[in-house]
Amino acid sequence: MTAQEKQRVSRYEQILQALAQMLEVNPGARITTAALAKEVGVSEAALYRHFPSKARMFEGLIGFIEDTVFTRVSMITKSDVDGIRQCEQILTLLLAFVQKNPGMARILTGDALSGETDRLRTRVNQFFERLETQIKQVLREAEAREGLRTQITPGASANLLMAAAEGRIRQFVRSEFKRSPTEQWDDQWPRLAAAVFRPAG
């Protein structure tokens, strides 16, 4: 990679980091390219040399979310822990990720995408659908491998678990990041698991 290419990659990452930071420190505010350019310390024209549109900047952040979360989900599903534990780890991973990256939480709830292209909201929806499908797959494999049973179908169970996690992310954003998405989660997960999974035997 040439020095010029390295500089281009560095600027690309710098722009995305600045956008994520602005989403975090300005909860509820709509980010303009002028404000973002000022934050990065470049002209708006320089921004557009790296990203043809603001939508592409958001796509860059959504790509970061997807890569980070699903890389770790893959590690969880390939581990030797049982199905219930895998579900817990996947949901905890999601909640811990948004707690560490509040700006990303605004993207996942759609709060930061108001007025932006529908393509972005569709991609976020696909992220959650993919995660729900992954949990459903964990449940089905655990049923075949461990004899694990759920109170309702694996699909309905996966949807209920995701609804609980998404609700916590929504509370985090609505509270302007004051209410941690992992707050009381260690106490609540056993109760949620007890409602979803049938007792062994």
Side-chain angles (χ1 to χ4, degrees), residues 1-74 90-134 162-182:
M1 184 180 290
T2 66
Q4 186 176 9
E5 286 172 333
K6 286 180 181 177
Q7 185 177 9
R8 190 178 300 123
V9 170
S10 176
R11 182 68 77 189
Y12 176 94
E13 293 174 347
Q14 185 182 2
I15 292 168
L16 292 183
Q17 288 171 359
L19 176 56
Q21 179 68 16
M22 291 179 74
L23 289 170
E24 179 178 342
V25 300
N26 299 293
R30 191 161 184 266
I31 308 300
T32 65
T33 51
L36 179 58
K38 184 178 179 181
E39 180 74 16
V40 178
V42 299
S43 66
E44 283 189 73
L47 281 185
Y48 288 119
R49 282 199 291 273
H50 295 277
F51 296 92
S53 65
K54 188 165 63 163
R56 288 294 179 86
M57 298 176 199
F58 278 115
E59 284 182 333
L61 290 180
I62 295 171
F64 170 76
I65 295 170
E66 292 169 339
D67 291 345
T68 303
V69 171
F70 286 112
T71 295
R72 295 176 186 175
V73 166
S74 179
I90 290 171
L91 295 175
T92 302
L93 161 67
L94 176 63
L95 297 177
F97 174 80
V98 297
Q99 179 172 298
K100 186 178 179 181
N101 302 278
M104 306 302 183
R106 288 190 60 199
I107 291 176
L108 290 176
T109 60
D111 172 70
L113 304 179
S114 177
E116 304 295 340
T117 177
D118 288 341
R119 184 176 76 247
L120 297 173
R121 284 183 290 281
T122 297
R123 190 162 168 186
V124 168
N125 287 340
Q126 289 171 342
F127 167 82
F128 281 112
E129 287 169 3
R130 182 180 169 190
L131 203 53
E132 184 174 319
T133 298
Q134 186 68 71
M162 282 303 304
E166 287 189 60
R168 290 187 142 270
I169 296 170
R170 170 62 65 185
Q171 289 177 340
F172 184 46
V173 173
R174 192 176 65 234
S175 70
E176 297 189 348
F177 312 136
K178 295 180 181 69
R179 188 169 189 174
S180 165
T182 59

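Remember, predicted model here, so these are calculated numbers, not experimental data.
- Between F58 and L113, some side-chain heavy-atom pair lies under the 4.5 Å cut-off.
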Under the side chain to side chain donor-acceptor pair (under 3.5 Å) rule, what do R11 and Q14 come out as? Steps first, then yes or no, please.
-> CA-CA 5 Å; R11 182 68 77 189; Q14 185 182 2; 2.8 Å; yes

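- Residues A55 and T117 approach most closely at CB-CG2, 3.7 Å, considering heavy atoms.
- Without hydrogens or angle criteria, R170 side chain to T109 main chain gives a donor-acceptor distance under 3.5 Å.
- S74 meets the side-chain contact (heavy atoms from CB on, under 4.5 Å) test with K78; sequence neighbours excluded.
- When atom types are taken as modelled, the side chain of T71 and the backbone of T68 share no donor-acceptor pair closer than 3.5 angstrom.
- F172 and A105 get closest at one heavy-atom pair: CD2-CB, 3.9 Å.
- We find the CD1-NE2 distance between I15 and H50 to be 5.0 Å, quoted to the nearest 0.5 Å.
- In this view, A34 and T32, E44 satisfy the side-chain contact (heavy atoms from CB on, under 4.5 Å) rule, not counting sequence neighbours.
- In the displayed structure, R121 atom CZ is contacted under 6.0 Å by more than 12 heavy atoms of other residues, nucleotides or ligands.
- Side-chain atoms of M57 and L47, non-hydrogen and from C-beta on, do get closer than 4.5 Å to each other.
- Separating the CD1 atom in I107 from the CG atom in L23 is a distance of 5.5 Å, to the nearest 0.5 Å.
- In this structure, L95 and P181 approach most closely via the heavy-atom pair O-CG, 3.5 Å.
- Interatomic distance, L36 CG to Q21 CD, rounded to the nearest 0.5 Å: 12.0 Å.
- When side chains are defined from C-beta on, V40 does not count as touching Q17, because their heavy atoms never get closer than 4.5 Å.
- Interatomic distance, CE of M162 versus CG of L91, reported as 7.0 Å (0.5 Å rounding).
- The ring pair (Phe, Tyr, Trp, His ring centres under 6.0 Å) search around F51 returns Y12, not counting sequence neighbours.
- Residues V69 and F97 meet the side-chain proximity criterion, which asks for heavy atoms closer than 4.5 Å.
- Note that CZ of F128 is 4.5 Å distant from CG of L108, once rounded to the nearest 0.5 Å.
- Residue pairs satisfying the side-chain hydrogen bond (donor to acceptor under 3.5 Å, both in side chains) criterion with at least one member in residues 93-102, sequence neighbours excluded, are listed as follows: Q99-S180, Q99-T182.
- Among residues two or more places apart in sequence or in another chain, the side-chain contact (heavy atoms from CB on, under 4.5 Å) test is passed with E59 by R56, R119, L120, R123.
- Judged as a salt bridge (Lys or Arg N to Asp or Glu O under 4.0 Å), and not counting sequence neighbours, R72 has no contacts.
- Taking each heavy atom of E66 and F127 in turn, the nearest pair found is CG-CD1, 4.1 Å.
- To the nearest 0.5 Å, the span separating CZ on F70 from CD1 on I65 amounts to 10.5 Å.
- A heavy-atom distance below 4.5 Å is found between the side chains of R30 and E116.
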